[in-house]
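Read the structure below first, then the notes.
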There are 2 protein chains.
Amino acid sequence: MAASRYREIAAALSAEIAALPPGTKIDGELAVAARFGVSRAAARAAVQELERQFLVRRVRGRGTFTSRRIDYPITSTRPPSWSQTLRDAGALPRTVVRSCVEVPMPQAVAHKLHAAEGSAVWRLQRRSFTDDLPASWGTEWVPAETVPELPAALRSVESLDRIVRDVGGVVPARRWVRASMEAADGEVADELAIGPGAPVWFVESVNQDAATATPVYLTERWIRADAIRVVFEAGAGPS
Amino acid sequence: MAASRYREIAAALSAEIAALPPGTKIDGELAVAARFGVSRAAARAAVQELERQFLVRRVRGRGTFTSRRIDYPITSTRPPSWSQTLRDAGALPRTVVRSCVEVPMPQAVAHKLHAAEGSAVWRLQRRSFTDDLPASWGTEWVPAETVPELPAALRSVESLDRIVRDVGGVVPARRWVRASMEAADGEVADELAIGPGAPVWFVESVNQDAATATPVYLTERWIRADAIRVVFEAGAGPS
DNA sequence: CAGTGGTCTAGACCACGGG
DNA sequence: CCGTGGTCTAGACCACTGG
């Protein structure tokens, strides 16, 4: 079963930090090694165990900190807004635009949006943070006719959901969504500041106007599994 | 970036094993250490990297083997049959009954099945294997009136979907499903033969009769994320 | 600059599985 | 019995962060 020193230590630390608020700095590897009288390698194994269980987050040069996962529910009823969903969960979302350029719509995107291939579309690449930690990275495809001045709009409002409501005059709702868990590879791992192989979500979503059922925009988003607890729910509720 | 010896080794091994059929035995830690001229710890780190990326599976006493994840799509259209879904993906599913007892229906289950609390229900606990490797473990709740002789039926047929079709005369379809990724804790880790903290799915599903829309049974299932690639899809398809 | 986590070495003993 | 992976020690150097 457990019966290994580093798991005992992990369990002890786990109990200690359970009540601490997220973001609290806790003992590092050397401190744990000294306190429990083990080598640094064993102490490291214990702290890595906590990291695998999403209980702590470690940053080289800074230290080890208590952590929590933010719930991110994906359902047909909830509006597909990253910022709103995270605020509802009590987190502080922040989104940084990496690039926003107008390009001819690729075939694959046109197919999903029921739009004409080659028509003008904004390709928006953004990184999102929760509580100042990188959590998500990906691309949104917004037809230029829906929001002609997207870069300008993004300077005052971070939420794409809000922009298409206010400027485009549509109410986004999920039309189709697909999600799976993957191991982060090179580019994704870099953008999310995690090691390669760390678990990440890949979520693809086509959003439509609630009134007209017309596809409005497409998102392709990678999400850190240690930062966000994606909960997928579909069908008639159990109640 | 990468720039560490063990990641270089992991990348080299990854390329080597890419073409091998799943289940092929490959070099162990000592062999890798000798071949690349590094310590066993570095070789171990490389092989663990491959394990995190779901490329190999390691078993103490036996060795390291190439691996693959089986796609397990969860959609409203596909029938909620574990065995059929896995066979469609080209895997060989096998299910072993751990226990099957008739109990009074708990309140939480009754609520989800729209049934009377305390009425007779089978509580079926099973483990499932794909290609003879443990992949899933969990509980199914089947009202006794639907399948009065469930233990007898299970002796000849493994698929619960098939049994309720043939004996209960209903056609199961997903009514409601909820899924999230968690870190395996004690009991789950034991049943799935993985270390604590390994990534696992928790999938809860209420299935109903396609014709009458009456809830038929409830499943609560833990799934090894390294063995099964769960893909959810909801809403009107992109095509 | 000191402290952190990331990597690495060269050993060691153990539990487990299969011949 | 031997080979496997799981755990552990006692060191070491490095890259990165913060003051």
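Within every chain, numbering begins at 1; the chains are lettered A, B, ... in the order of the sequence lines, protein sequences first and strands thereafter.
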Exercise. Return the value, rounded to whole Å, for the distance between atom CD of B:Q48 and atom C1' of D:dG6.
Key: 9 Å

Quiz item: Is A:R94 close enough and on-axis enough to A:F129, meaning under 6.0 Å and within 45°, for cation-pi?
Solution: yes

Quiz item: Can you tell me if the side-chain N/O atoms of A:R58 get under 4.0 Å from OP1 or OP2 in C:dG6?
Solution: yes

Exercise. Would you mind classifying the nucleic acid contact of B:V47 as base, sugar-phosphate or nothing, using non-hydrogen atoms under 4.0 angstrom?
Key: nothing

Quiz item: Looking only at heavy atoms, what is the nearest atom pair of A:W201 and A:M181, with distance?
Solution: CE3-N, 4.3 Å

Quiz item: Base, sugar-phosphate, or nothing: which does B:R44 touch, judged by heavy atoms less than 4.0 Å apart?
Solution: base

Quiz item: Okay, side chain of B:R224, backbone of B:L192: is any donor-acceptor separation there less than 3.5 Å?
Solution: yes

Quiz item: Side chain of A:R62: nearest nucleotide among D:dT17, C:dT9, C:dT7?
Solution: D:dT17

Quiz item: To the nearest Å, how far apart are A:R7 CZ and C:dA15 C1'?
Solution: 13 Å

Practice problem: State whether B:T64 places a side-chain N or O below 4.0 Å from either non-bridging phosphate oxygen (OP1 or OP2) of D:dG5. | Solution: yes

Practice problem: Tell me which of B:I26 and B:A41 sits closer to the 5' end of DNA chain D, going by the nucleotide each one is nearest to. | Solution: B:I26

Self-check item: B:F36 CZ to C:dT9 C1', straight-line distance once rounded to whole Å
Solution: 18 Å

Exercise. Go through D:dA10, D:dT7, C:dT9 for me and flag the one nearest to the A:S4 side chain.
Key: D:dT7

Exercise. Choose from D:dT7, C:dT9, C:dA15 the nucleotide whose nearest atom is closest to any side-chain atom of A:Y6.
Key: D:dT7

Quiz item: Should we say atom CD of B:E102 is surrounded by more than 12 heavy atoms from elsewhere, each under 6.0 Å from it?
Solution: yes

Practice problem: Look at all strands and tell whether A:A42 reaches a base, only sugar-phosphate, or nothing, counting heavy atoms closer than 4.0 Å. | Solution: sugar-phosphate

Quiz item: Once you round it to whole Å, what is the distance between P of D:dG5 and CG of B:L50?
Solution: 12 Å

Quiz prompt | Gap between atoms CD and C1', on B:E51 and D:dG6 respectively (whole Å) | solution = 11 Å

Practice problem: Looking only at side-chain atoms of A:E29, point me to the closest of C:dG17, C:dG6, D:dG5. | Solution: C:dG6

Practice problem: Spell out yes or no: do the side chain of A:R40 and the base of C:dG6 have one donor N/O and one acceptor N/O closer than 3.5 Å? | Solution: yes

Exercise. Kindly assign one of parallel, tilted or perpendicular to the pair B:W222 and B:F202, based on the angle between their ring planes and the thresholds 30° and 60°.
Key: tilted

Quiz item: Quick one: A:L30 CG to D:dA10 P, roughly how many Å, whole number?
Solution: 14 Å

Quiz item: What is the distance, rounded to the nearest whole Å, between atom CZ of A:R60 and atom P of D:dG18?
Solution: 13 Å

Quiz item: Rounded to whole angstroms, how far apart are CG on A:D132 and P on D:dT17?
Solution: 15 Å

